[in-house]
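The next block holds one structure in the form of structure tokens; read it before the comments.
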Protein chains: 2
Amino acid sequence: MILAGVDAGATTTRAVAVADDGRVVGRASAGPGNPHNAGVKEAAAAIARAVREAAGGPIPDLVVAGVAGIEDPAIKEGLRAALVTMHAAGKIHLASDAEIALDGAFLGAPGIIVVAGTGSVSWGRDARGNEARAGGWGHILDDAGSGYDVGRAALGAVLREHDGRGGATALTHRVLSALHLAGPEQIVGAARGMTPAQMAGLAPLVMDAAELGDTMAEAIVREAGRHLAEMAAAVWRGLRFAGAHPGAGIGGLFRHAVLRSAFAGGLRRACPEAVPTPPRLQPAGGALWRAFAVKGIEPPPGLIDALRGE
Amino acid sequence: MILAGVDAGATTTRAVAVADDGRVVGRASAGPGNPHNAGVKEAAAAIARAVREAAGGPIPDLVVAGVAGIEDPAIKEGLRAALVTMHAAGKIHLASDAEIALDGAFLGAPGIIVVAGTGSVSWGRDARGNEARAGGWGHILDDAGSGYDVGRAALGAVLREHDGRGGATALTHRVLSALHLAGPEQIVGAARGMTPAQMAGLAPLVMDAAELGDTMAEAIVREAGRHLAEMAAAVWRGLRFAGAHPGAGIGGLFRHAVLRSAFAGGLRRACPEAVPTPPRLQPAGGALWRAFAVKGIEPPPGLIDALRGE
């Protein structure tokens, strides 16, 4: 029997397939699998492609896929129907992207995660299985502290410097050359055609500038860290956590030192009892962990080590 | 000879037509005339409709229309071609929405305006005709302090209260009932289909809540006022103004006392020499004033009084 776990992200879809004895069959990635950005059909195609490559031939018995915005019944059913049509798996279980990230981070134990990739969300679970969430309302209204948010703020900082509203920033040179633009006036036109994932693609450039001491970039990154800590704190309060509980930051933004430090600082102030803890598994591994739970099979010994980094 | 001035807004397009002796021929309004939001063809149709109704039969010899984002040559030429096809006028002169607002505010004299309607922008002109601008980069990246910005912040505040991230706010009840939603979870779906003008349509509700002392609403409105003052200050510095110069707030948001006071406070701090001055004419009147200038005719005595409120 083959099980597969999928993390369907706004930029990249990752899949990992294992046999029920714990042997890793394969790993694969595909393009955007977020139905809100990519559309339901394209998201399903990316998921099916990643699963097929990871499984390397046989159709998995069960696929657990973590997908953003799956709370919307129309999206959930549309995605499920498309995946069934594509014969992606014998059985398909759709979960939210935050749930599989939480499953992977603490393997079912209580705790809180904050995801910061193209979008952002915080999710937590207590010992009785109660869950709470904050953020993750999409890039138009929220996604505070996300890569999209950081990228948009960078474009804003360039325009504000150009206007004389904000201070000078190294972001101007970096953003213009990354987007191949001759001047700030071209930013609005360029931004009009950008997907959320493309906007979030500017975040690493902001992180770099912050690390090199650019004041404006640092302010953007520090504010993002604060927003992410605020989300975690809301979930902490929502679950009425008391005593030490683990908290993990997941997603591309947490690779950057300035953001990690701003997040950790904000968390220390808001939830002094939170214990910063690296996630046991990344979200695709969490989806696979959940696949074993759905099947009612104890994950084989060694599986967690084999999946580390997934 | 008939001249017409048009203010093509994101929500409403206003036109006023006068004879060259200063007699007001008529006024009319139509739907959205902002080509960025409504599309070039629909914007042209709204402008042509408003002009036709205002002129009441004869085709005006000259129409001056103030349009947002007219700096984009593709939009400018597309709009001009569509208006020519529609026989909207003998001659068509397209200006930016901010320019006609400035023309109307001070009738060509030096000064600074801040426009806050669906979008926001500041624009100024010195005695030598040098111009400077700040803001107005569109709702995705900027439009700080605009109606769109205020409406989006209100939706964000409702979601943050729902998450336990932000404090309690009367905006929740107001926003949900205005949008006919059962709960905050439905906000993301509702926002997805909203035009910038519809988002800005929530601003009056925020202003009302602020006036009644709602802390979250007040914070949103005060921040909007600060952003608008910051734009004006950037233009002030850009033009190297020294000594007293007039500054006018134009657009729907300035009808509200809390915003006016936050803007005035911010401006006092940043530009103590700016003299808050009500605009002589509203933007459509400014477009007409410019029509006389384009024709090289001195505006007839009494015209300004006849156009007051335009």
Side-chain angles (χ1 to χ4, degrees), chain A residues 36 68-69 71-75 121-123 132-145 148 151-166 184-194 196 199 227-240 270, chain B residues 36 69 71-75 121-123 132-145 148 151-166 184-194 196 199 226-240 270:
Chain A
H36 285 285
E71 307 80 23
D72 183 330
I75 294 219
V121 68
S122 178
W123 199 276
R133 153 200 165 152
W137 297 106
H139 67 283
I140 297 174
L141 299 178
D142 184 25
D143 274 350
Y148 177 87
R152 181 171 58 181
L155 298 186
V158 174
L159 292 171
R160 295 167 66 80
E161 183 197 4
H162 175 70
D163 279 355
R165 279 188 287 165
E185 315 76 31
Q186 299 183 356
I187 285 182
V188 176
R192 203 173 292 134
M194 282 166 80
M199 189 73 92
H227 278 301
L228 297 170
E230 192 186 55
M231 272 181 204
V235 172
W236 186 279
R237 287 190 300 269
L239 291 170
R240 298 189 172 75
Chain B
H36 286 286
E71 307 79 24
D72 183 331
I75 293 217
V121 68
S122 179
W123 200 276
R133 154 201 164 152
W137 298 104
H139 68 283
I140 297 174
L141 299 178
D142 184 26
D143 273 350
Y148 178 87
R152 180 169 60 180
L155 299 185
V158 174
L159 291 171
R160 295 168 67 81
E161 182 197 6
H162 175 71
D163 280 356
R165 279 187 286 164
E185 315 77 29
Q186 301 184 353
I187 284 181
V188 176
R192 202 172 294 134
M194 280 165 81
M199 190 74 93
R226 271 195 301 275
H227 279 301
L228 296 171
E230 192 185 54
M231 274 181 204
V235 172
W236 186 280
R237 287 190 300 268
L239 291 170
R240 296 188 173 77

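Throughout, a chain's letter reflects where its sequence line sits, starting with A, and its residues are numbered from 1. Computed over heavy atoms, backbone and side chain alike; hydrogens, waters and symmetry mates excluded.
Your options are A:Gly164, A:Gly135, A:Gly166, and the one with the most heavy-atom pairs under 4.5 Å with chain B is A:Gly135. Ranked by heavy-atom pairs under 4.5 Å with chain B, the list A:Arg192, A:Met199, A:Glu185 is led by A:Arg192.
Residue contact with chain B, scored on non-hydrogen atoms closer than 4.5 Å, involves the side chain of A:Arg237 exclusively. For A:His139, no part sits under 4.5 Å from any heavy atom of chain B, backbone or side chain. Proximity to chain B (any heavy atom under 4.5 Å) is restricted, for A:Arg133, to the backbone atoms N, CA, C and O. Contact of A:Leu155 with chain B is made through the side chain alone, with heavy-atom distances under 4.5 Å. Heavy atoms closer than 4.5 Å to chain B are found in the side chain of A:Ala144, but not in its backbone.
Rounding to the nearest 0.5 Å places CE of A:Met194 at 10.0 Å from CD1 of B:Ile140.
The two atoms that bring B:Asp143 and B:Gly136 nearest to each other are OD1-CA, 3.9 Å, heavy atoms only. Across every non-hydrogen atom of B:Leu141 and A:Leu159, the tightest pair is CD1-CD1, 3.9 Å. Closest approach of A:Ala232 and A:Ser122 over heavy atoms only: CA-OG, 3.6 Å.
Considering only heavy atoms from C-beta on, B:Asp142 comes within 4.5 Å of A:Arg165 through its side chain. No side-chain heavy atom of B:Asp163 sits under 4.5 Å from any side-chain heavy atom of A:Met231.
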